[in-house]
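Order of listing sets the numbers, starting from 1, for every ligand and every atom in it.
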Amino acid sequence: MQRAQQHIFLTGFMGSGKSTLGKNLAGLLQLNFIDLDNYIETHEKKSITLIFEQQGENSFRKIESTCLLEVLDVQQPSVIALGGGTICFGNNLAQVKNAGLLVYLELSAADLAIRLKNNLSERPLLKNVNTEELVTNIAGKLSDREIFYRQAHLIVNGSNLSVQTLQQKIIDFKNENSPI
Ligand code: S3P
């Protein structure tokens, strides 16, 4: 089956606002919304935290890639909030870029730490990190991941980003890059 090519994907570190902005953007654009983390939890009938605890990160990444492929097959044009690590594993980045517009919500490690510090226990990859080491820990992970994030079609500063500004940046990008 031929894939719809016009999805909008949001990527970025945990806490960058992918799910909230994604849901609001889908509302504005009247598109379907899919949150990949929620899709995985429904598919596996367990929380992401439990998948990490019981099966480990490697199994989670396999499940994540399988679920991503299923989501890419959705024919209805959709806004899709990816997990923070999705495009950093396997062939996921290429698959995503081939299926639509990939937007990176960029935030500094310091800004991300402020957003994440009160709910670290919900994040399997950060749950054992002390608050004092949080910025350094995030900065390390970010620098490993930036090589993937920076391959997005569009990079948007995510601090104080309103859904209207995000929408406008996507419209501008599409206008600048559409064939005449
Ligand atoms: C992860 C981010 C999480 C979730 C999982 C792994 C990551 O999603 O997929 O805990 O590797 O950065 P959010 O970015 O939506 O928190």
Side-chain angles (χ1 to χ4, degrees), residues 7-26 32-72 78-97 100 102-129 131 133-152 154-159 161 163 166:
H7 299 313
I8 296 172
F9 298 92
L10 299 184
T11 188
F13 203 78
M14 290 170 268
S16 58
K18 302 177 294 287
S19 301
T20 308
L21 281 164
K23 199 180 292 167
N24 294 342
L25 182 66
N32 181 43
F33 174 67
I34 301 171
D35 183 292
L36 185 60
D37 284 343
N38 289 346
Y39 187 95
I40 292 170
E41 291 183 330
T42 308
H43 189 269
E44 295 299 300
K45 300 185 185 67
K46 54 171 109 149
S47 69
I48 304 265
T49 306
L50 215 55
I51 301 172
F52 268 80
E53 268 173 30
Q54 295 180 341
Q55 296 162 244
E57 181 171 357
N58 285 348
S59 294
F60 171 76
R61 296 302 171 193
K62 286 190 192 131
I63 296 166
E64 182 178 44
S65 296
T66 305
C67 288
L68 175 67
L69 288 184
E70 290 186 19
V71 162
L72 294 184
S78 304
V79 175
I80 301 168
L82 300 169
T86 311
I87 61 164
C88 311
F89 292 87
N91 197 28
N92 296 347
L93 175 62
Q95 297 275 6
V96 164
K97 285 184 75 176
L102 177 61
V103 182
Y104 168 34
L105 303 177
E106 183 180 29
L107 279 128
S108 68
D111 281 349
L112 290 164
I114 291 168
R115 288 168 175 234
L116 288 164
K117 68 176 190 303
N118 292 328
N119 46 23
L120 293 180
S121 60
E122 295 161 20
R123 317 273 176 175
L125 293 179
L126 296 173
K127 72 174 181 6
N128 296 322
V129 180
T131 355
E133 292 164 4
L134 190 56
V135 179
T136 320
N137 186 288
I138 292 174
K141 289 190 172 65
L142 248 190
S143 83
D144 292 343
R145 288 182 168 187
E146 287 233 302
I147 188 161
F148 300 100
Y149 291 154
R150 297 213 155 274
Q151 292 182 59
L154 174 61
I155 300 177
V156 177
N157 183 336
S159 81
L161 178 64
V163 67
L166 176 60

Open item on the list: Give me the residue, atom name and distance of the protein heavy atom closest to atom 3 (C) of ligand 1.
Closed with: Asp37 OD2, 3.7 Å
TODO: Show which atoms of ligand 1 fall inside a sub-4.0 Å distance from at least one heavy-atom site of Lys18.
DONE: 13 (P), 14 (O), 15 (O)
TODO: Have a look at ligand 1 and work out which part of Thr86, if any, has a heavy atom under 4.0 Å from it: side chain, backbone, both or neither.
DONE: neither
Open item on the list: If you compare all heavy atoms of Leu72 against all heavy atoms of His7, which two are closest, and at what distance to 0.1 Å?
Closed with: O-NE2, 3.8 Å
Open item on the list: Run the side-chain contact (heavy atoms from CB on, under 4.5 Å) test on Leu50 and Glu44 for me, step by step, so that the C-alpha distance in whole Å, both residues' side-chain angles and the decisive distance to 0.1 Å come before the verdict.
Closed with: CA-CA 10 Å; Leu50 215 55; Glu44 295 299 300; over 6 Å; no
- [ ] Check each atom of ligand 1 against the heavy atoms of Pro124 and keep those under 4.0 Å away; list them by number with element.
- [x] 10 (O)
TODO: Kindly check if the number of other-residue, nucleotide or ligand heavy atoms within 6.0 Å of CG (Asp144) is above 12?
DONE: yes
Open item on the list: Under 3.5 Å, is there a donor on one side chain and an acceptor on the other for Gln55 and Lys62?
Closed with: no
Open item on the list: Can you report which non-hydrogen protein atom sits closest to atom 16 (O) of ligand 1, along with the distance?
Closed with: Arg123 NH1, 2.7 Å
Solution key, residues 102-123 side-chain donor-acceptor pairs under 3.5 Å, sequence neighbours excluded:
residue: Tyr104; atom: OH; partner: Glu146; partner atom: OE2; Å: 3.1
residue: Glu106; atom: OE2; partner: Arg150; partner atom: NH2; Å: 2.2
residue: Ser108; atom: OG; partner: Asp111; partner atom: N; Å: 3.1
residue: Arg115; atom: NH1; partner: Gly15; partner atom: O; Å: 3.1
residue: Arg115; atom: NH2; partner: Gly158; partner atom: O; Å: 3.4

Open item on the list: Please classify the Lys127 to ligand 1 contact at 4.0 Å (heavy-atom distances, strictly less than): side chain, backbone, both or neither.
Closed with: neither
Task: Atom indices of ligand 1, in the order listed, that fall short of 4.0 Å to a heavy atom of Gly83 - done: 8 (O), 9 (O), 14 (O)
Task: Closest to atom 6 (C) of ligand 1 (judged by heavy-atom distance), picking from Glu122, Arg61, Lys141 - done: Arg61
Open item on the list: Students should be able to answer this: which protein heavy-atom is nearest to atom 12 (O) of ligand 1, and at what distance?
Closed with: Arg145 NH1, 2.7 Å
Open item on the list: Give me the atom names and distance for the closest heavy-atom approach of Leu10 to Leu21.
Closed with: CD1-C, 4.2 Å
Task: Numbering as shown, the atoms of ligand 1 that approach Leu125 to under 4.0 Å (heavy-atom distance) - done: 7 (C), 11 (O)
Task: Polar contact flag for Ser19 and ligand 1 (N/O pairs, less than 3.5 Å) - done: no
TODO: Report yes if Phe60 has an N/O atom closer than 3.5 Å to an N/O atom of ligand 1; otherwise report no.
DONE: no
Open item on the list: Can you see whether Thr86 engages Asn92 through a side-chain donor-acceptor pair at a distance of less than 3.5 angstrom?
Closed with: no
Task: Where ligand 1 meets Ile48 - atom numbers and elements under 4.0 angstrom, heavy-atom basis - done: 5 (C), 10 (O)
